[in-house]
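Here the structure is laid out as structure tokens; the discussion comes afterwards.
Note: hydrogens, waters and symmetry copies are ignored here, and every other heavy atom, side chains too, is used.
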Amino acid sequence: MNKKLNNQSVDLFFDAVLSLENKEQCYDFFEDVCTINEILSFSQRFEVAKMLREGRTYLEIAQLTGASTATISRVNRSLNYGNESYDKIFEKLGVKKDGRDE
């Protein structure tokens, strides 16, 4: 856990996220808390991570998602050297590393 993030405000925010019960509540909450571009950026990074796991090239990913190579590189760094959070979430969602759903 990043010590720079660990504070009461972030804890309260994460508690709020964890209290959301369905996708509709997620849409409503995040639309109030974030800009549309922020939400689209989060979802783009998630899609980039999925495509990297599928073995797609940076060029393919950039063309399909519109993500910059800097964004793709940052997501790749998180996949390779991060907290394994993408892998844990993909596993929960039933998304295999080769891109086929379980």
Side-chain angles (χ1 to χ4, degrees):
M1 174 175 24
N2 187 328
K3 291 179 183 178
K4 293 179 185 178
L5 289 175
N6 193 4
N7 67 47
Q8 282 185 314
S9 295
V10 174
D11 283 350
L12 181 61
F13 176 72
F14 288 162
D15 287 342
V17 171
L18 290 169
S19 77
L20 300 171
E21 296 177 5
N22 56 48
K23 201 177 293 189
E24 183 179 344
Q25 286 182 4
C26 286
Y27 272 97
D28 290 344
F29 179 74
F30 281 98
E31 191 173 339
D32 284 348
V33 173
C34 301
T35 66
I36 290 172
N37 284 338
E38 288 169 332
I39 296 168
L40 293 174
S41 290
F42 292 148
S43 64
Q44 182 188 62
R45 288 180 200 148
F46 198 69
E47 183 67 19
V48 166
K50 183 177 179 285
M51 294 174 130
L52 286 167
R53 284 170 50 97
E54 292 171 350
R56 295 185 186 238
T57 66
Y58 277 32
L59 181 60
E60 269 184 297
I61 295 168
Q63 289 173 338
L64 292 169
T65 66
S68 69
T69 55
T71 295
I72 298 167
S73 179
R74 189 210 178 284
V75 171
N76 193 47
R77 195 169 39 255
S78 292
L79 281 171
N80 291 318
Y81 305 108
N83 298 316
E84 299 179 0
S85 59
Y86 281 114
D87 288 333
K88 291 172 187 173
I89 294 298
F90 285 132
E91 186 177 313
K92 282 185 177 185
L93 295 175
V95 177
K96 289 186 175 184
K97 276 198 171 195
D98 64 5
R100 294 180 311 214
D101 293 344
E102 292 184 323

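- Atom CD of Glu38 sits about 12.0 Å away from atom OG of Ser43, to the nearest 0.5 Å.
- Closest approach of Thr71 to Gln44, counting heavy atoms only: CG2-OE1, 4.4 Å.
- Minimum heavy-atom separation, Asn83 to Lys88: O-NZ, 3.6 Å.
- Cluster membership for Tyr86 and Leu93, using ILVMFWY side-chain heavy atoms within less than 4.5 angstrom, is shared.
- Under the 4.5 Å side-chain heavy-atom criterion for Ile, Leu, Val, Met, Phe, Trp and Tyr, Val17 and Leu5 are members of distinct hydrophobic clusters.
- A pairwise comparison of heavy atoms in Glu47 and Thr65 identifies CG-CG2, 4.0 Å as the closest pair.
- Atom CZ in Arg74 sits 13.5 Å away from atom CD1 in Ile72 (nearest 0.5 Å).
- Using modelled atom types, one side-chain atom of Asn22 and one backbone atom of Glu24 make a donor-acceptor pair closer than 3.5 Å.
- Partners of Asp87 under the salt bridge (Lys or Arg N to Asp or Glu O under 4.0 Å) rule, at least two apart in sequence or in another chain, are Arg53.
- A donor-acceptor contact shorter than 3.5 Å links the side chain of Ser19 to the backbone of Ala16.
- Applying the ring-ring contact (aromatic ring centres under 6.0 Å, His included) definition to pairs two or more places apart or across chains, those involving residues 8-37 are Phe13-Phe29.
- Dense packing is recorded around CG of Leu18, with more than 12 heavy atoms of other residues, nucleotides or ligands lying under 6.0 Å away.
- The structure places OG1 of Thr57 at 9.5 Å from CE of Met51, a figure rounded to the nearest 0.5 Å.
- Distance check: Gln8 CD to Asp15 CG gives 11.0 Å after rounding to the nearest 0.5 Å.
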Checklist entry - side chain to side chain contact (heavy atoms under 4.5 Å, CB included) between Leu59 and Thr69: does it pass, once the steps are laid out? => result CA-CA 8 Å; Leu59 181 60; Thr69 55; over 6 Å; no
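- Residues Val95 and Leu64 fall within the same hydrophobic cluster, defined by Ile, Leu, Val, Met, Phe, Trp and Tyr side chains chained together at heavy-atom separations under 4.5 Å.
- Summarising the geometry of Ser73 relative to Tyr58, their closest heavy-atom pair is CA-OH, 3.5 Å, with the distance given to 0.1 Å.
- When the ring-ring contact (aromatic ring centres under 6.0 Å, His included) test is applied to Phe46, the partners found at least two apart in sequence or on another chain are Phe90.
- Taking both residues in full, the closest heavy atoms of Leu79 and Ala49 are given as CD1-O, 3.8 Å, listed atom of the first, atom of the second, then distance.
- The CD atom of Glu84 sits 10.0 Å away from atom CD of Glu91, with the distance rounded to the nearest 0.5 Å.
- At most 12 heavy atoms of other shown residues, nucleotides or ligands fall within 6.0 angstrom of atom CD in Glu31.
- Note on Leu40: it does not cluster hydrophobically with Val48, by side-chain heavy-atom contacts below 4.5 Å among ILVMFWY residues.
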